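Some notes on the structure that comes next.
In this text, all values refer to a predicted model and were calculated from it rather than measured experimentally.
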Amino acid sequence: MLQVALAQVRLNARRFIAVSLAVLIAVGFLTATLIINSSSKASLTQSVGQSYRNADLILNGNLFRSDPLVLDEDTAAIVRDLPGVAGSYEVQQGYVSFGTGRDTVYGKLDSIPEYTGLFPGKVTDGSLPVSDGEVAVDSDTAERAGLSKGSVLSLTGGTDDSAAVELTVTALVAPSDDPTSMGNAQLYATGATAALFANTEDGFDTIQLALADGADVNEVRAAVEQELSAAGMGEVVVRTAAEQTDVLVAMYTGGDDALTIILLAFAAVAVLVCALVVSNTFSVLVAQRTRELALLRCIGAERSQIRRSVIVEALIVGIVASVAGVLAAVALVGGIIAYLQTIPESGFATLAVSPGSVVAGLVVGVLLTVLSALVPARAATAVAPLAALRPAEDVRAGTKRGRVRLAIGLVLLAGGAALLAAGAVSSDLLVALPGGILSFVGVLMCATLFVPGLVRAVGRIAAPLGVPGKLAAVNAVRNPQRTSATSSALLIGVTLVTMMMTGAATARTSLDDVLAGEFPVDVSVAGQDRPFTAADADTARAVDGVQDAVLVPLAGTTDTEEYGAYDVYALDPAEAAKVLQDSDLVLTDNTILMPQGIKSETLTVTGARSTAELKVLESNSKQLRPLISADTAAKLGGPAPLPASADYVPLPELWLSVEETLNTSALIDLRADLAERLDVEEYTVNGSAIERAAFDQVIDVLLMVVTGLLGVAVVIALVGVANTLSLSVLERTRESSLLRALGLTRGQLRGMLALEAVLIAGVAALMGTVLGSVYGWLGAQSALGSFASVEPSVPWLQLLGVLAVALLAGLAASVLPARRAARLSPVAGLAAD
């Protein structure tokens with residue numbers, strides 16, 4: 001039977017191409033996910049470990065005890081002269097700044113070891129500092145700040161910002177990829193200079209040891225621990241450089257691989273869809289060979305032998321496709337890593353192909369293929385040889401197996417829907433998530449109940465196209481089980497893609513409502529270092545994308561029982577109407593508009609010349625500045641002067657309205673432009689439009705990544721459509737030839753098969769769109785309902801795009817099968833066995 005299986009694979013290799021492609025994609029996705037995980041860890045290790053790359057042993061103190069154990073000079077003296085220790089590096093760190101105003105540069109100052117072999121950096125120009133008046137700077141900071149050898153830096157900092165010293169730059173070093181240093185200036189000076197800016201009470205950050213040539217690291221480690229224990233410092237932790245790096249990596253990742261879990265979830269979807277495609281394909285292949293298998297039984301082959309032959313076929317296909325998938329994954333991730341290594345910011349990227357990722361990909365691919373073929377293999381031997389001359393019975397609702405499957409599916413559908421509804425009502429995602437999964441599994445199990453009927457109903461649309469249209473509608477539901485399995489594979493991908501699109505759209509709408517209530521204006525700019533003037537409002541108004549801008553000066557102060565003192569601002573009612581989002585907020589004389597939460601009926605506002613008792617109008621915004629009209633502010637005479645000892649000086653603000661057509665990237669650019677034009681830091685520019693842009697950017701990135709990942713499932717499903725159609729063409733060779741002989745043209749035959757594919761893909765996409773929209777809305781309600789009013793928002797254009805892509809893909813999937821069917825002459829087809 002092994003020879004029979006090998007012969008079948010060899011003779012019917014074309015029939016296994018689609019199966020192999022589906023397995024290849026699923027295995028490639030899974031393996032790539034695992035390789036990305038191992039590579040990200042290796043890259044992080046390469047980055048984090050830079051600070052210890054020249055050390056053999058690292059001593060760590062314990063600052064979490066009731067009496068903190070610190071590493072000091074006495075600790076260093078204990079281990080510095082031990083046999084096997086060539087040198088030590090007492091790492092002391094402080095934080096410094098240099099420059100003024102917006103040109104201020106913040107960075108970290110590390111000590112330089114006397115044993116230069118332990119210096120973790122790489123000198124690119126000059127020589128390391130040897131005196132207390134010298135400093136080394138990383139080359140990126142030097143380029144940004146215009147520094148070079150010989151430049152003088154005035155450093156300030158320390159635990160109380162009182163330390164100040166002037167240092168001369170003697171060296172430029174390569175920037176470190178350590179996450180604690182990236183993005184900041186990296187400076188190095190002698191230990192005495194670094195101590196000026198460090199918290200000496202905490203001792204050294206670490207003590208690194210370099211071992212002499214030939215020294216055994218384990219023996220030296222034991223000696224170090226023994227000496228420390230004898231000195232009463234047994235709690236000092238001694239690690240190798242590799243162990244230290246592993247600890248830090250675990251600290252940065254929190255010990256969790258959240259990204260890997262998410263990717264594996266999508267990989268599981270791809271594997272599930274692939275299993276449906278493989279099982280469906282083998283079912284058709286076995287059904288096609290019913291007579292052949294029956295004859296083998298008649299001449300003495302046992303059921304177990306027939307079953308093994310089918311499983312061997314699946315095993316061969318699974319091994320070949322899995323190996324190809326693993327190789328494709330390694331090549332893909334390798335290409336990505338190679339590209340990242342060309343970018344200076346990610347030059348530490350490292351490709352790490354762990355044996356586990358390769359083995360997992362191969363095992364899953366082979367098991368997936370073999371297990372998916374078990375049911376068809378059992379079906380091949382479920383009937384007697386003579387009875388096998390008839391087509392095998394499908395698993396329909398009318399059969400025993402069909403009724404059991406339908407009953408289980410209905411239970412899962414009902415129970416899952418109840419859980420999903422409960423989660424949405426209670427805004428509990430942990431309840432809604434399992435409910436959504438169970439209900440969707442129920443939908444898949446009940447697919448044979450309604451998919452054929454839907455295909456038949458939609459098929460009526462094709463009736464006006466004549467004979468090809470009518471035949472396509474009939475052929476699409478000739479084998480309900482196969483049609484359901486094929487549509488289910490596509491249904492999974494489309495449902496998940498649509499769910500993410502609808503959920504993202506609903507989340508955007510809900511967050512917009514929350515932000516509109518939270519922030520009173522599109523954009524506000526807080527004063528920084530200097531008070532804004534009317535000229536600044538004109539400058540802001542001239543920025544592209546700004547619709548209007550008004551200056552909001554300080555008018556006085558008030559005191560509330562709920563939240564204490566507030567600064568009060570003044571605004572002309574006509575200007576307020578230009579920038580306030582809520583049109584119901586109307587400023588009138590002798591009233592004060594207060595943020596949400598103020599319950600007092602009146603408040604006293606104090607100005608420079610007088611005070612006024614004003615009626616309180618409460619807004620729906622928590623971020624609204626207390627506002628009074630410009631006329632009321634004029635009577636107060638402006639804000640009272642602050643005492644000389646005041647450590648906070650309130651400044652006027654600018655409030656802006658922006659054009660509604662601005663997209664996320666335009667709003668982010670607008671923030672940068674405003675900060676540059678007004679000479680303020682970007683963090684002072686905020687408001688509902690800016691916050692919405694930040695949320696939208698996160699949602700867009702997540703949506704792009706998730707849709708791309710789920711697109712893999714859609715591709716596999718479309719491979720299944722093409723595969724099912726190809727096998728259907730092989731099954732109906734005589735029928736197609738007879739139709740040709742009766743007058744059906746090649747074009748009509750191709751059209752019939754194209755319509756058949758479009759019907760299957762269209763119904764799956766339509767069902768997936770409806771289900772995904774419902775799941776997306778309920779999911780958003782579960783996640784956001786606790787703090788926002790969630791109204792369903794359906795991205796119609798995007799959903800129509802998904803539907804159109806599915807229809808076009810179904811049409812494309814029919815091209816090769818239709819070409820094969822039309823190429824066969826009627827005579828040759830009628831003569832086929």
Side-chain angles (χ1 to χ4, degrees), residues 512-527 531-538 540-541 546-642 650-660 686-689 691 789:
D512 283 348
D513 294 340
V514 172
L515 293 174
E518 192 75 13
F519 295 93
V521 295
D522 288 338
V523 177
S524 66
V525 185
F532 286 134
T533 64
D536 293 307
D538 294 335
R541 199 177 294 114
V546 175
Q547 192 171 30
D548 214 327
V550 298
L551 178 67
V552 188
L554 190 68
T557 59
T558 189
D559 196 21
T560 66
E561 293 182 2
E562 293 87 353
Y563 303 109
Y566 273 99
D567 294 316
V568 179
Y569 293 79
L571 193 59
D572 185 85
E575 291 186 328
K578 297 178 182 178
V579 294
L580 290 179
Q581 293 189 25
D582 190 349
S583 59
D584 294 334
L585 299 180
V586 180
L587 278 175
T588 58
D589 292 341
N590 301 318
T591 62
I592 179 171
L593 195 59
M594 294 295 293
Q596 187 182 55
I598 304 299
K599 303 303 180 183
S600 303
E601 294 185 0
T602 61
L603 286 174
T604 300
V605 180
T606 303
R609 289 200 306 260
S610 63
T611 61
E613 189 81 10
L614 304 178
K615 181 181 178 181
V616 173
L617 301 177
E618 184 185 3
S619 73
N620 293 323
S621 171
K622 296 179 181 178
Q623 302 295 327
L624 178 70
R625 300 291 193 188
L627 283 178
I628 60 176
S629 67
D631 290 341
T632 303
K635 297 175 183 179
L636 297 175
L642 294 172
L651 296 173
E653 295 187 357
L654 292 176
W655 288 2
L656 290 69
S657 60
V658 300
E659 297 174 1
E660 295 182 359
N686 55 32
S688 62
E691 296 296 323
S789 176

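- Contact between Val616 and Met594 at its shortest, heavy atoms only, is CG1-CG, 3.9 Å.
- Checking side-chain atoms of Ser610 against main-chain N and O of Lys635 turns up a donor-acceptor pair under 3.5 Å.
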Quiz prompt | Working for side chain to side chain donor-acceptor pair (under 3.5 Å), residues Ser629 and Asp589 | solution = CA-CA 6 Å; Ser629 67; Asp589 292 341; 2.7 Å; yes

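- Taking OG1 of Thr558 as the reference point, atom CD1 of Ile628 lies at 9.5 Å (rounded to 0.5 Å).
- With sequence neighbours excluded, the residues satisfying side-chain hydrogen bond (donor to acceptor under 3.5 Å, both in side chains) with Thr588 are Thr591.
- With rounding to the nearest 0.5 angstrom, the CG atom of Asp631 is 7.5 Å from the CG atom of Asp572.
- When all heavy atoms of Asp559 and Ala565 are compared, the closest pair comes out as OD1-N, 3.2 Å.
- Residues Arg609 and Ala634 approach most closely at NH2-O, 3.0 Å, considering heavy atoms.
- Judged purely by atom type and a 3.5 angstrom limit, Asn590 has no side-chain atom pairing as donor or acceptor with the backbone of Leu614.
- Closest non-hydrogen pair, Asp567 versus Pro650, comes out as OD2-CB, 3.5 Å.
- Residues Leu654 and Phe532 approach most closely at CG-CD1, 3.8 Å, considering heavy atoms.
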Result block: side-chain N/O donor-acceptor pairs under 3.5 angstrom for residues 547-554, not counting sequence neighbours:
| from | atom 1 | to | atom 2 | distance (Å) |
| --- | --- | --- | --- | --- |
| Asp548 | OD1 | Arg541 | NE | 3.2 |

Taking only distance into account, with no hydrogens and no angle test, what donor-acceptor pairs under 3.5 Å do side-chain atoms of residues 600-608 form with protein atoms, sequence neighbours excluded?
| from | atom 1 | to | atom 2 | distance (Å) |
| --- | --- | --- | --- | --- |
| Thr602 | OG1 | Glu613 | OE2 | 2.8 |
| Thr604 | OG1 | Glu613 | OE1 | 2.5 |

Practice problem: Check the pair Ser524 / Asn686 against side chain to side chain donor-acceptor pair (under 3.5 Å), numbers first and verdict last. | Solution: CA-CA 6 Å; Ser524 66; Asn686 55 32; 2.7 Å; yes

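- A donor-acceptor distance shorter than 3.5 angstrom exists from the side chain of Asp522 to the backbone of Val658, with no hydrogens or angles considered.
- Pro652 and Tyr569 get closest at one heavy-atom pair: CA-CE2, 4.4 Å.
- Checked by atom type and distance alone, the side chain of Arg625 never pairs as donor or acceptor with a backbone atom of Ala570 at under 3.5 Å.
- Thr632 OG1 to Leu571 CG: the interatomic distance, rounded to the nearest 0.5 Å, is 12.0 Å.
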